[in-house]
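Below: one structure, written as structure tokens.
All values below come from the heavy atoms of this structure, side chains included, with hydrogens, waters and symmetry mates left out. Counting starts at 1 for both ligands and their atoms, following the listed order.
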Amino acid sequence: MVRKIKPNWIVPAGAEFTEMDKKILYYQNKGCLVPSRKLIKTPEQIEGIRRSGVINTGVLDLVASEIKAGMSTLDIDRLVYDYTVGHGAIPAPLNYEGFPKSCCTSVNEVVCHGIPNEFEILEEGDIVNVDVSTILDGYYSDASRMFVIGRTTPEKQKLVDVARECLEVGMNAARPYCFVGDIGNAIANHAHKNGFTVVRDLCGHGVGLEFHEEPDVEHYGRKGTGMLLVPGMVFTIEPMINMGDWRVFVDEDDDWTVVTEDELPSAQWEHTFLMTDAGLEILTY
Ligand code: MF3
Ligand code: CO
């Protein structure tokens, strides 16, 4: 039996045939994975995501100004909740697939999805990822930063810095009509050049109308693989970079907290991006 796979990109009958249709159909006919139409945001949707991103950035700026040794990760969660709700928005993590808090706080060997907790007190030398996601008028944005509590070791500081560079390198690798794999390839090369590894089990993602949309944005891989990225698409890049081995496990007690298998530190930075004709624009700056 020959099964016909419905192509992702369809030009509706009677619609005008644009330059974008031509380019996307070219790649689709070559067998490449191309986006479906719903992944290309309208100008109105982009404005909505942009406004959501402004609040998301406000939350992270607030965390940046308040975070310090002696605070609990639950204190951070309260800042996130109060600021977000105070600005007429909703913290996207809260009750998302059962997640109990308003942001993720991931300290040292925690890779991501750490749950804020009153007993987890930040100490001098800790490196902490605070991952914040906002819903405003139905539009989602998503970003995270690393915070160093006081001063840390040179090794941990380098990990934080290289993880940030990995996000920049990934961003700069993303040109219109490139592939997700071009981003991942650039990120992994930069991490490996610095003696670090890339987490493979978690990835960036389309975002905007939902928290997690297509495509998966892996932070490793081969150039020219994965989905074609075209103007109007909105997605995150959020590399998780490990000091030791790339392998991770999920804490069985809470089914959320992702930890490095070797318990060496991990660092992550994330932005929400819009693909434009000129490359990526940061919507969570
Ligand atoms: N903010 C995370 C991301 O970058 C997702 C967290 S899911 C949650 O995709 F439920 F843990 F919040
Ligand atoms: Co994300």
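At a threshold of 4.5 Å between non-hydrogen side-chain atoms, the residues W246 and D201 count as touching. Considering only heavy atoms from C-beta on, E124 comes within 4.5 Å of R151 through its side chain. Within the 4.5 Å cutoff, the side chain of I149 has heavy atoms near those of the I67 side chain. No side-chain heavy atom of E16 sits less than 4.5 Å from a side-chain heavy atom of D21. A 4.5 Å side-chain heavy-atom check between C112 and Q268 finds at least one atom pair inside the cut-off.
Applying the side-chain hydrogen bond (donor to acceptor under 3.5 Å, both in side chains) test between R145 and each of D61, D131, N129 identifies D61 as the sole match.
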Under a 3.5 Å threshold, I'd like every N/O contact between ligand 1 and protein atoms, with atom names and distance.
from     : atom 1 : to   : atom 2 : distance (Å)
ligand 1 : 1 (N)  : D131 : OD1    : 3.1
ligand 1 : 1 (N)  : D131 : OD2    : 3.1
ligand 1 : 1 (N)  : S133 : OG     : 3.4
ligand 1 : 1 (N)  : D142 : OD1    : 3.4
ligand 1 : 4 (O)  : D131 : OD2    : 3.2
ligand 1 : 4 (O)  : D142 : OD2    : 3.1
ligand 1 : 4 (O)  : E238 : OE1    : 2.7
ligand 1 : 4 (O)  : E238 : OE2    : 3.3
ligand 1 : 4 (O)  : E270 : OE1    : 3.1
ligand 1 : 4 (O)  : E270 : OE2    : 3.1
ligand 1 : 9 (O)  : D142 : OD2    : 3.3
ligand 1 : 9 (O)  : H205 : NE2    : 3.0
ligand 1 : 9 (O)  : H212 : NE2    : 2.9

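In summary, the aromatic rings of H205 and Y140 are positioned with their centroids too far apart to meet the 6.0 Å limit.
When all heavy atoms of P35 and I40 are compared, the pair lying nearest together is CG-CD1, 4.4 Å.
Only protein N, O or S atoms were considered, and those under 2.8 Å from the Co ion (ligand 2) are D142 OD2, H205 NE2, E238 OE2, E270 OE2.
Follow the hydrophobic side-chain contacts under 4.5 Å out from L159 and you never reach V110; the two are in separate clusters.
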